Amino acid sequence: MKQHEDVCSIVEELKRLYPDGLCSLQYPKPYELLFAVRLAAQCTDERVNMVTPALFARFPTLESLAEADVSEVEQYIHSTGFFRAKARDIVAASRMMLEEYGGRVPDTMEELLKLPGVGRKTANLILGDVYHTPGVVVADTHCIRITGRLGLTDGTKDPVKVEQQLRQVLPPEESNDFCHRMVLHGRAVCMARKPDCANCTLRPWCDFYTKS
DNA sequence: ATCCCGAGGG
DNA sequence: CCCTCTGGAT
């Protein structure tokens, strides 16, 4: 599929392109990051960052979110889309974290997935960014698309398969940052509709460019 | 019409 | 595997 040397070149070039600013969703409290990621479903991070300041000012603690009126939460997050499900999940997950996890965000995939509205993508992001778990792969839409184009995966869109395939080629201590760089690269250069290959320095190692 | 750092349910 | 949930941007 892909030579180890090529993978290293891709990893190093991405580090050069995106040395820092690894996550555009940055929140002081783990549960705030969790809910920001939930809100980011089918919505840009930019828009999420527009609604969260007011939301977390109105509901400044996990307890206040657990007791919140769902319809009031809906108003704060309306513009992020899917607002009914998201609001319901935020309140329900707050209650579960208080009642079953001592008011903390869980640190295992199994427990994270029990929280309403938390799927693999959100769980992996928490495991990587909050708990710094080695070998975490966040297979979101950008990661799946770009690694598929590069040829780091076989082109599958199944997130679990992408996770597995990337874990086999990426150094465990690099995988989380690599995924964040996929997001940055996906927004700036390797867009879904019209990838800007002319301005992409990953060209030498990219199947999508080389074979088209 | 298609996409945005998805998740849940059938 | 499929579908639905939803608003906003391009």
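Protein chains get the first letters and strands the later ones, always in sequence-line order, with residue 1 at the start of each. This one's a predicted model, so the numbers in the text were calculated from it and none came from an experiment.
For C/dC1 and B/dC4, the C1' atoms lie 23 Å apart once the distance is rounded to whole Å. To the nearest whole angstrom, the two C1' atoms, one in C/dG8 and one in B/dG8, are 23 Å apart. B/dT2 and C/dT6 have their C1' atoms separated by 15 Å, given to the nearest Å. For the P atoms, the distance linking B/dC3 with C/dC2 amounts to 16 Å, nearest Å.
Going from atom NZ of A/K194 over to atom P of C/dT10 covers 15 Å, rounded to whole Å. Look at NZ on A/K86: it is 11 Å from P on B/dC5, rounded to the nearest Å. With rounding to whole Å, A/K157 atom NZ is found 11 Å from B/dC4 atom P. Distance, A/Y18 OH to B/dC5 P: 13 Å, rounded to whole Å. Distance A/L127 CG to B/dC5 P: 21 Å, rounded to the nearest Å. When rounded to the nearest whole Å, the span between CG of A/L25 and P of B/dC4 equals 15 Å. In this structure, the CE atom of A/M96 is 14 Å from the C1' atom of B/dA7, given to the nearest Å. For the pair A/F35 CZ and B/dG6 P, the interatomic distance rounds to 18 Å; values are reported in whole Å.
Contacts of A/D177 classified as side chain to side chain donor-acceptor pair (under 3.5 Å), with partners at least two apart in sequence or in another chain: none. Residues satisfying the salt bridge (Lys or Arg N to Asp or Glu O under 4.0 Å) criterion with A/E12, sequence neighbours excluded, are A/K15. For A/E32, there are no side chain to side chain donor-acceptor pair (under 3.5 Å) partners at least two apart in sequence or on another chain. Not a single side chain to side chain donor-acceptor pair (under 3.5 Å) links A/T156 to another residue, sequence neighbours left out.
In this structure, A/P159 reaches neither bases nor backbone, as no heavy-atom distance under 4.0 Å exists between it and the strands shown. Looking at heavy-atom distances under 4.0 Å, A/F82 makes contact with a base. Within the 4.0 angstrom heavy-atom criterion, only backbone atoms of the sugar-phosphate kind lie near A/G119; the bases stay farther away. The residue A/R181 sits apart from the nucleic acid: no heavy atom pair falls under 4.0 Å. Residue A/V118 is classed as a sugar-phosphate contact, given heavy-atom separations below 4.0 Å to backbone atoms only. Residue-level contact check: A/L113 touches neither bases nor backbone, having no heavy atom under 4.0 Å from any strand.
Sequence order on DNA chain B of the closest nucleotides to A/R145 and A/A123 puts A/R145 first from the 5' end. Where A/R88 and A/D158 each meet DNA chain C at their nearest nucleotide, the meeting point lying more 5' is that of A/D158. Both A/R193 and A/T122 lie near DNA chain B, and the one whose nearest nucleotide falls closer to the 5' end is A/R193.
For C/dG7, neither phosphate oxygen OP1 nor OP2 lies less than 4.0 angstrom from any side-chain nitrogen or oxygen of A/S79. Residue A/R187 places at least one side-chain N or O under 4.0 Å from the OP1 or OP2 atom of B/dC5. Dashed line: the shortest gap from a side-chain N or O of A/R84 to OP1 or OP2 of C/dT6 is under 4.0 Å.
Remark: the backbone N or O of A/T80 is not paired with any side-chain donor or acceptor of A/R47 at under 3.5 angstrom.
Note on residues 161-194 of chain A: pairs passing ring pair (Phe, Tyr, Trp, His ring centres under 6.0 Å), not counting sequence neighbours, are A/Y18-A/H185.
For A/H180, counting side-chain heavy atoms from C-beta on, the closest listed nucleotide (B/dC5, B/dA1, C/dG7) is B/dC5.
Applying the 6.0 Å contact sphere to CD of A/E5 captures no more than 12 heavy atoms from other residues, nucleotides or ligands. Atom NZ of A/K157 has 12 or fewer neighbouring heavy atoms from other residues, nucleotides or ligands inside a 6.0 Å radius.
Annotation: proximity of residues 39-59 of chain A to DNA chain B (heavy atom, distance under 4.0 Å) is found for A/A40, A/A41, A/Q42, A/C43, A/T44, A/D45, numbered in ascending order.
Salt-bridge annotation for A/D207 and A/K2: present, with a side-chain N of the basic residue lying under 4.0 Å from a carboxylate O of the acidic one.
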